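Have a look at the structure below before the remarks.
Fair warning: this is a prediction, and the values are worked out from it, not measured in the lab.
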Amino acid sequence: LFRSGHAIAYRPDQKVEAEEIRQRCRVGVQGPIIVSPEAITGALLSVLREAARKGFLRHFVVDEAHIILSWGDEFRPAFLRLASVRRDLEIRTPKSEGFVTLLLSATFTDYHLRWLRTLFSDGTRFSIVHAARLRPEPSYWIAHAASEAQRQGWIEDAVYNLPRPCILYTTQRETCVHWYNRIRQLGFNRVGLMTGKSTDEERQDLLRKWSLDEIDTVVATDRKSVV
């Protein structure tokens, strides 16, 4: 039976924890598991096939499912492979156990729904559950700087004036490190740094400090970004 308290996020670089998750999947006591598309289409797939065959896999849930199309084409192709993996696991699951797929998003368009139906329905039932809800949307200010000096000046003004907490995103790791150091030079000490080279321990420590209000500004870039 499922017991709470153990890890539910599958992180391949955490060797001991990842193996414990695989073992729990094999015997049907893992419960929910959060996994990246790269892991579910790769290292974890054989274990999930085994769990499905034994009737332990009941739900296949994709959050922010619109990303399957917007990211899967070139950026992270494992997203597009989710549909074939889901079908593979469904076929292996005993019919008596049932297998439910949920595709979740707050930003589906007709385009997303049409293609997700093609990828995931396989001619079977495809139900759309819709709940309209008004929510505040972010505001965007876009301007072209006449020079690099002007652009950097605008960013520094934003650092001084934007409410906290705030995150400064960059597209390159070296730019991320530059702005982390620059913001500290300006006298701000409650600043964190997260790049694609940050270890899981560094990420966990950063999130802990963020949640405890020990830092209120983060300079970050995606783990897939280039140097």
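- Between H178 and T175, the side chains place no donor N or O within less than 3.5 Å of an acceptor N or O (distance only, hydrogens not considered).
- Residues L186 and R182 are in side-chain contact: their nearest non-hydrogen atoms beyond the backbone lie under 4.5 Å apart.
- The shortest heavy-atom contact between V27 and F56 is C-CE1, 3.5 Å.
- With I21 as the fixed residue, the side-chain contact (heavy atoms from CB on, under 4.5 Å) test singles out one of I33, V35, V47: I33.
- Counting only heavy atoms from C-beta outward, the side chains of E90 and L57 never approach each other to under 4.5 Å.
- Put simply, the side chain of H144 does not reach to within 4.5 Å of the side chain of Q150, judged on heavy atoms.
- Side-chain contact between L44 and R22: present, with at least one pair of heavy atoms (C-beta onward) separated by less than 4.5 Å.
- Looking at Q152 and E156, their side chains never bring a donor and an acceptor atom within 3.5 Å of each other.
- Residues L206 and K209 have side chains not in contact (no heavy-atom distance under 4.5 Å, counting atoms from C-beta outward).
- Side-chain contact between H112 and S105 is absent, with no heavy atoms from C-beta onward closer than 4.5 Å.
- Residues T93 and F60 have side chains not in contact (no heavy-atom distance under 4.5 Å, counting atoms from C-beta outward).
- Looking at heavy atoms from C-beta onward, M194 lies out of side-chain contact with E202 at the 4.5 angstrom threshold.
- Shortest non-hydrogen contact noted between R164 and D216 is CD-O, 3.6 Å.
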